[in-house]
Structures are given as C-alpha cells and as structure tokens.
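Heads up: the structure comes next, in structure tokens.
We use all heavy atoms of the structure for the numbers below, so side chains are in, but hydrogens, waters and symmetry mates are not. First listed ligand is number 1; within each ligand, the first listed atom is number 1.
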Amino acid sequence: MTAAPPPFAVISGSQVQRALHGREKQVVELVEATYRLHGAGHSVNPPSYFLRFPDRPSSRIIALPASLGGQVRVDGIKWISSFPENVAAGIPRASAVLILNDHDTGYPFACLESSIISATRTAASAALGADRLTQGRARPTRVGFVGTGLIARYIHTFLTGTGWSFDEIGVFDLAAGSAAGFSGHLERSGVAGRITVHDSVEELVRSSDLVVFATVASSPHVHDVSWFAHAPVVLHVSLRDLAPEVLLAATNVVDDVEHCLKVGTSPHLVEQLTGNRDFLDGTLDDVLTGRLTVAPDRPVVFSPFGLGVLDLAVGKYVYDEVVRAGDLQVVDDFFHDLSRHG
Ligand SMILES: NC(=O)c1ccc[n+]([C@@H]2O[C@H](COP(=O)([O-])OP(=O)(O)OC[C@H]3O[C@@H](n4cnc5c(N)ncnc54)[C@H](O)[C@@H]3O)[C@@H](O)[C@H]2O)c1
C-alpha cells in the first residue's frame, strides 16, 4: 500500500464564520450526535492539559487532544489561550487554533482559526442543554445572562437560532461597559422581548427561568440557595460561579464526569466537600438517551466542561464546507522530504 500525505490547509476565521453562519440548527444536531458518539464510547477524549504561568497567573493555554470515531473519523487538538486582560486592551480573551489529523496516516491536514469554532460548539452545547433540560416543565420565557462577553453573545445567537424567543432578557455584568455592549448587540439584532440590565446577580436569577453564567469568575460568588427557589434551569458554562450549597440543592448534569470534576470547577468543589459524587445526577448524554429525566420542581444546573470531541466535530464540519465551496487554501509543499532514504 502506498499513501500520499494529504494536502495541508489553513482555514481563516472569516472562512470559519462563513461556513457556520446561520447553521445553528445543524450545529446543534451535530453536537448532539457527537455527545451520543462520546457517550457510546466511540471517542477518545483525554484530560485537557492546562499550561499556566507564574508571571501571568490569570492567564492559561489549554490543550484539548481528542479522537472522534463513528462516520466522522478524525483526530486532532485544540490549543486555546485565555488571557482575560486582553479584554481591557480591546481584543477578545480567547484565541485558538484547531489542528485536524487524518485518521489513516496521522498527518495533520488542516489548521483552523478556532475561537469561533470553540464559541460555536460551546453555544450549541448550551442550546442543546437548554432544550432538553427544560422538557417536562413550562418552556422558559425569561432568560438571564450573568457575564456578557463573547460566549454570552454566541449562546444568545444559538438560542434564538434554534427557535427560542423570550419575553424578558436579563443582563448582569460586573463591568457596566460589557452589560451595555451586550444590551446594544441585542437591540441591534432586533430581538423581541424586554431587555433589563440588573443591578445584582440576585435580581437577575430571581427573575429568570433560564439562567446563563458566562463570567470569568475563578471562585464561587453565588451562595444563596433561596435565589433558585423558583427552580430555574441554569447553564453554568463558566463552571466556577456557584457555591457547593447551590449545586447540592439542584439536579446536576455535566457533559463528562471525569472532565468536569477537575481544576476547581464548582462540581469539583462539591466532590471535595462531600467526599463523593452522589450529587451528580448524570450526563447530558443520559438526558439525550432517556436514562435521566430531570424533575421539574428542582433547579437544574448544567455544567459543561467543554469536550475536545465537539471542537473536532465542528472543525471537520467547517473543513468539509470549505472544501465543498471550493475555497480550501492549501499550503504547497507543507510536508517535504518524503522519501525515506532521500
Ligand atoms: N464550558 C465551556 O465549554 C466553555 C467554553 C468556552 C468558554 N467558557 C467560559 O466562558 C466564560 C466566558 O467567556 P468569554 O469569552 O465570554 O469571556 P469575556 O471575557 O468576553 O466575558 C466575560 C465577562 O464576565 C464578566 N464577569 C467576570 N466576573 C463576573 C462576575 N462575578 N459576575 C458577572 N460578570 C462577571 C466580565 O466583566 C466579562 O464581561 C469563560 O469563563 C470561559 O472560560 C466555557
């Protein structure tokens, strides 16, 4: 058998955005299919590796290697930086690349701008969670966003792009400029519903049936269980906002147990406090496959760690779209000196 290395392509952020624009429903279906593949064991998704810096303690770069089986059959790695101080300098906190590797030869065949892919798969996962975790209860008409940066914007886009509409949209951010920027975006996008900038997280939580946490909080700042007495569904995307007592009074759903119970996430804090995992009710895949039904009279907290397999699935979707559109930009001679003995 002779195999030729695949061509190596570079896919820019504008190509990624074009490939994903208006595809919210397809991407949510893709993310659901990927969770199901992962749940059925057709993936390899080792722990993420966190590179931290003593001289820049608030920053990190995370490596997410993964392998996806099923029909997709692709391997790869996302390498994503989080530099929160970037925001004050006027550029996004997160930046990333995704490398896709060929299933048969292992050769990398594409490098994709991946902050958009990452935000997209995160938002698609949140929208899927919102849909499935609200089954069996009145469909929320009041949504609230705590932390209103880029991820909040993508989640809102994915909620509306998959059929949600809200009578009330609550907004809270520690930075008034972020709250104003997000509200301005909502107004410009022409959403129906009243937009309210709240003065406190408490006010927002109490007046929302669907609550999205997308802050950069590094430790819990929400402790009061009584704020959740009306049993909202909480998309805890930023993972570290809620104190253990809030989780202990809720139904807890994660994307992957081993991933989520690490690196000081709120579920990890609960495990450290209680010494066990009894507080976990299951994974989103358990909900998708009907193994778990969530009670309508208890708050639900979905804590998605964010899986590399989702980046691979969305990245491969983008790659295929770019190929289909005839826009693939290949780097000629990227792999060179291919004759073993010269
Ligand atoms: N779980 C996942 O799969 C996943 C994937 C991507 C991003 N994330 C997380 O989503 C979060 C948001 O990312 P982003 O790119 O939108 O960041 P961003 O910096 O653009 O926005 C974060 C916002 O949160 C605000 N904030 C910080 N602390 C707050 C608090 N205590 N209360 C209210 N607001 C607060 C900041 O002022 C800022 O406006 C990050 O924590 C990131 O790690 C999670």
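Closest protein heavy atom to atom 16 (O) of ligand 1: I151 N, 2.9 Å. Protein heavy atom nearest atom 22 (C) of ligand 1, with residue, atom name and distance: A214 O, 3.7 Å. Nearest to atom 21 (O) of ligand 1 among the protein's heavy atoms is G149 CA, 3.4 Å. The closest protein non-hydrogen atom to atom 43 (O) of ligand 1 is R60 NH2, 3.3 Å. At the shortest separation from atom 1 (N) of ligand 1 among protein heavy atoms lies P304 O, 2.7 Å. For atom 15 (O) of ligand 1, the closest non-hydrogen atom on the protein side is R93 NH2, 2.9 Å. Closest to atom 3 (O) of ligand 1, if we only count protein heavy atoms, is R121 NH1, 2.9 Å.
Of the charged side-chain nitrogens involved, none lies within less than 4.0 Å of a carboxylate oxygen, so that E321 and K316 do not count as a salt-bridged pair. Note on E32 versus R36: salt bridge recorded, some NZ/NE/NH1/NH2 to OD/OE distance being below 4.0 Å. Contact check on D320 versus R324 returns no salt bridge, with no Lys/Arg side-chain nitrogen under 4.0 Å from an Asp/Glu carboxylate oxygen. Salt bridge status for R137 with D209: absent, with no side-chain N to carboxylate O gap under 4.0 Å.
Taking the six-membered ring where tryptophan is involved, the planes of H156 and F166 are tilted, since the angle between them lies from 30° to 60°. Between F305 and F50, the angle of the ring planes lies from 30° to 60°, which puts this pair in the tilted group.
Counting only N and O atoms by type, the side chains of E85 and S58 include a donor and acceptor under 3.5 Å apart. S226 and D224 form a side-chain donor-acceptor contact under 3.5 Å, judged by distance and modelled atom types alone. Between the side chains of D75 and H103, no donor-acceptor pair of N or O atoms lies under 3.5 Å.
Contact atoms of ligand 1 toward G306: 3 (O) (distance under 4.0 Å to a heavy atom of the residue). Every atom of ligand 1 is numbered from 1 in the order shown, and the set under 4.0 Å from a heavy atom of S178 is 39 (O). Ligand-side atoms of ligand 1 in range of F305: 1 (N), 2 (C), 3 (O), range being under 4.0 angstrom from any heavy atom.
Residue A152 places no N or O, backbone or side chain, under 3.5 Å from any N or O of ligand 1. Inclusion of T215 in the set of residues having an N or O under 3.5 Å from an N or O of ligand 1 is warranted. Not one N or O of F172 is nearer than 3.5 Å to an N or O of ligand 1, by distance alone. No N or O atom of S238 sits closer than 3.5 Å to an N or O atom of ligand 1. An N or O contact shorter than 3.5 Å is missing between S118 and ligand 1 by distance. In terms of polar-atom proximity, L150 is counted as a contact of ligand 1, with an N or O under 3.5 Å from an N or O of the ligand.
The parts of V237 lying near ligand 1 are both backbone and side chain, judged by heavy-atom distances below 4.0 Å. With a 4.0 Å cut-off on non-hydrogen atoms, E85 does not touch ligand 1 at all. Contact annotation for T122 and ligand 1: only side-chain heavy atoms (C-beta onward) come within less than 4.0 Å of the ligand.
Checked against the 6.0 Å centroid threshold, F109 and F8 do not count as a close aromatic pair. Taking the six-membered ring where the residue is Trp, the centroids of F172 and F145 are separated by 6.0 Å or more.
Nearest-residue assignment for atom 19 (O) of ligand 1 (options I62, D173, V87, V146; heavy-atom criterion): V87. Of the candidates T265, V171, V216, L174, L174 brings a heavy atom nearest to atom 30 (C) of ligand 1.
Scanning all heavy atoms of the two residues, the minimum distance from N101 to G76 falls at OD1-CA, 3.5 Å.
Ligand 1 lies nowhere less than 4.0 angstrom from a heavy atom belonging to P84.
Legend: residues meeting ring pair (Phe, Tyr, Trp, His ring centres under 6.0 Å) with Y317, ordered by chain and number and at least two apart, are absent.
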